[in-house]
Amino acid sequence: MVMRIERDQSRFRQIVRGKIRQNLRKYVSHGEMIGRQGRDLISIPIPQLDVPHFKYGKNGSGGVGQGEGEVGTPIGKGDDEGEGTGQAGSDPGAHILEVEVSLEELAEILGDELELPRIEPKGKANITEEKARYTGVRRTGPESLKHFRRTFKQALRRQLISQTYDTRDPRVVPIREDKRYRSWNTVPLPEASAAVIYMMDVSGSMTDEQKEIVRIEAFWIDTWLKSQYDGVEIRYIIHDAAAKMVDEHTFYHTRESGGTRISSAYKVCAEAIQREFPPSEWNIYCFHFSDGDNWGEDNETCFRLLSDKIIPHVNLFCYGQVESPYGSGEFIRALREGIADETDKIVLSEIEDKEAILDSIKLFLGKGR
Amino acid sequence: MALHRFAPLPPDLAQIQGQMEEHARNNGLDFFSTIFEVVDCDQLNEIAALGGFPTRYPHWRFGMEYEQLSKGYAYGLQKIYELVINNDPCYAYLLKSNAITDQKLVMAHVYGHCDFFKNNAWFGQTNRKMMDEMANHGNRIRRYMDRHGVETVEEFIDACLSIEDLIDIHSPFIRRHDEPNRYDFSSDEDSDRPATPGRFDSKEYMDQFVNPPAALAAEAQRLEEEREASERFPADRRRDVMLFVLQHAPLRPWQLDVLSMLRDEAYYFAPQAQTKIMNEGWASYWHSTIMTRYGLDPADVIHYCDHHSGTMATSAGRLNPYKLGIELFRDIEDRWNRGRFGRDYEECDDLVAKRDWDTSAGQGREKIFEVRRVHNDLTFIETFLTLEFCREHKLFSFGYNNDTDYYEIESREFPKIKDRLLFSLTNRGRPMISVVDGNYKNRGELYLEHEYNGVELQLGYARDTLTNLERLWTRPVHIETVLGDVPTVLSYDGHEHKIEKHKVAAAT
């Protein structure tokens, strides 16, 4: 039966569709959004449209509640609905209802919204993993794998044949020869794994705001890649004039001063690929974020490292240039003119502010590689 | 589109309905005949999303409601138990998947609501054929959509909904203004008469005593004010902004029709918002009374208790109207049963005597029936919320703390709690706004005034509302309010929003 409400519902969805793109932009640009809750649940706001009307703001508002608590005990965040004179979120017209969504769902939403193509893992099925499948039965094995039904049937059969089966006392007692056990075969299954190597410039000119952009962008890239591959390994490299491999926390929280020598990071990256991720087994993704203020004479070294040691092995090399208060550097232009033409594995993107993150993700991942 | 697509009540439920109806009647409840329909959860969510009326006009917000309800149901976060429509006959919906105990509980609860709809004075003026009326509205709006396009009509509805709550909830009961007589031209002639005060004849030397200049000046001023008032439009402030727009905005016939339908619906729903605590309290009181005294089989007890207590659950930030209502009704019944009211009781300052006060007055039942007839939430709380009740139920008031961005418990003092509660019930918790000038600056602009009482308007919403109002009024619109303790006028002229802070005399 077609329900009358479906017309209203699809209308609402259409409105939200027009709205969601903005909303998605908005929440991607809110850093606090990616606070992980639970093991792999995250809450994302679901748009709710409100017909505007005159209503009370929160200044001076309040209400009555019931329960324990001293005077001064906080009972709710400012943007929660209070009783009666409650109020909604900060932006007019839409108020936010939080719903927990699993990371897979989130990746799906992201994929849908940005129309990201699904990634074709390179070199199909040449990476295999052995998995155990229970396929047969045999006469020996551990008790824990005993096949009760088969064992019982076997015992019954033996008893019938040997005429020890008594219909008035139908007990079937298996003896050792009756016992049957499950057995397994190992089957090779193709598995696609990805290695993601993030590199970030932490020189003096990169401020916290730039790092926040990198953090958000990296979160969404992780989310998407994890939805596309069975296993994802992530490495983090920071660099100023020298580079080192670090853990996630350090990656986002280090602030160095000093100059920028990008080639140092590429060198560490190339080593990591060589050491840990043989290209025949891994889909490798490199993301490099910097403000592009490289030492002029270093560029050549970078190009050499890229074209000799990195580009041939990776699925994608993405360079995102964030705009720092000191302006945007030259590196992206140098790359574009230098070697970007030679291969379509290089993607370059300029990220001016948080609003540009989505476009940049689309650019990076839109190739489906 | 029919209600009749639903099957008649299955025999077991019909039998329960008979029993519940009888219990309700025997206890003095008085209701319209009530029709129960059994629906599945999708249907129930649909009907609930439509505000209870399956034939309502199409609008996206019903779709949004439905999406939320059905998602909430699918994730197991919420479930609608009961839905009852103020109509003659009353319609009530039962969820098919509910256990039989729940169905009993819901029916008993529904009879409480039906009695309340029929007898509470605030519902006295509501349309009891709303089911038909809504279907009628639905058809008319669908026809307009066919003729003028869905977008056009829906956008207009959105604009109307923005001022949906700017109605005068007391107006069904009083006549605020005499109907203007459009054939009355006398006022025009009146304006010819000299606006100077009459003088008494006197000798010249007595003149300043017979016609004292000060009195004359005062009289002249009074006349002047009177004349200004008669020229003012409207002559007095109007709370029913919707009606004012309806009467004076240059709208096309279909737009007038849509606006007046939405206004009718707003008036129909207003008493439900005004009596939420009482209505739910009354229905809960009766389901509890009927179930525990007559309705429960031994097998039902645990299930019933589980669901009853679930409905009555309280949480810190939110006052549960079911809980507050039922407890207040019980408190009133208890007080009037024991004679704990009136001057003698109030003025008694012997704590022990007061605690054990019992005159065996036995007027409890009678009193609560009277309360349900004459009160709304505001007067209900005002009259019957007592210090003892506040203490016993651990009520507190909370307020917004600008520094921490948190709502914090503000006080456990009775007067403050009561103030907060009454405030949140006054005008259904909405700001009081009225039309003061429909011809502002003599340019046909609309000037509203917000009666500021300590809580500011939400600025973003106010702006968007003005945008919508301008669409209806088609001339610039203004609202006077207070922002940051400064009198402020927000304006929208169809192109841009303006905020004008009125200079206050510098206190430095």
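Naming convention: chains lettered A, B, ... in sequence-line order (proteins, then strands); numbering from 1 in each chain.
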(message) Using the rule side-chain contact (heavy atoms from CB on, under 4.5 Å), only one of B:Thr481, B:Ile163, B:Asp464, B:Leu166 pairs with A:Phe54; which is it?
(response) B:Leu166

(request) Sort B:Asp419 into side chain, backbone, both or neither according to what part of it lies under 4.5 angstrom from a heavy atom of chain A. (result) neither

(request) Decide side chain to side chain contact (heavy atoms under 4.5 Å, CB included) for A:Arg4 and B:Glu46; before the verdict, give the C-alpha distance in whole Å, the side-chain angles of both, and the deciding distance to 0.1 Å. (result) CA-CA 8 Å; A:Arg4 173 227 168 294; B:Glu46 174 180 6; 3.3 Å; yes

(request) Could you look at B:Ile479 and say if it's the side chain, the backbone, both or neither that has a heavy atom under 4.5 Å from chain A? (result) side chain

(request) Measure B:Asn453 against the heavy atoms of chain A and call it side chain, backbone, both or neither at under 4.5 Å. (result) side chain

(request) Decide yes or no for B:Arg430 and A:Lys55: does some side-chain heavy atom of the first lie under 4.5 Å from some side-chain heavy atom of the second? (result) no

(request) Give the member of B:His450, B:Glu154, B:Lys276 that has the highest number of heavy-atom pairs under 4.5 Å with chain A. (result) B:Glu154

(message) Can you tell me which portion of B:Leu469 sits under 4.5 Å from chain A's heavy atoms? Options are side chain, backbone, both or neither.
(response) neither

(message) Show the nearest heavy-atom pair for residues A:Pro52 and B:Asn468, with the distance to one decimal.
(response) CG-ND2, 3.6 Å

(request) Check the pair B:Glu164, A:His53 against side chain to side chain contact (heavy atoms under 4.5 Å, CB included), reporting the backbone distance first and the verdict last. (result) CA-CA 8 Å; B:Glu164 184 189 40; A:His53 50 269; over 6 Å; no

(request) Pick out which of B:Arg420, B:Lys418, B:Lys416 makes a side-chain contact (heavy atoms from CB on, under 4.5 Å) with A:Val64. (result) B:Arg420

(request) Among B:Pro431, B:Ala49, B:Ser397, single out the residue with the greatest number of heavy-atom pairs under 4.5 Å to chain A. (result) B:Pro431

(message) Which atoms of B:Ser411 are under 4.5 Å from chain A, going by heavy atoms: the side chain, the backbone, both sets, or neither?
(response) backbone

(request) State, with a plain yes or no, whether a side-chain heavy atom of A:Tyr56 is found less than 4.5 Å away from one of B:Phe423. (result) yes

(message) Can you tell me how far apart OH (B:Tyr66) and CD (A:Glu6) are? Round to the nearest 0.5 Å.
(response) 7.0 Å

(request) Nearest 0.5 Å please: distance from the CD atom of B:Glu65 over to the CD atom of A:Gln9. (result) 12.0 Å

(request) Side-chain contact test, heavy atoms from C-beta onward, threshold under 4.5 Å: evaluate it for A:Asp8 versus B:Leu50 and give yes or no. (result) yes

(request) Would you indicate whether the side-chain heavy atoms of A:Val71 and B:Glu413 approach each other to under 4.5 Å? (result) no

(message) Report which part of B:Tyr57 has an atom under 4.5 Å of a heavy atom belonging to chain A: side chain, backbone, both, or neither.
(response) backbone

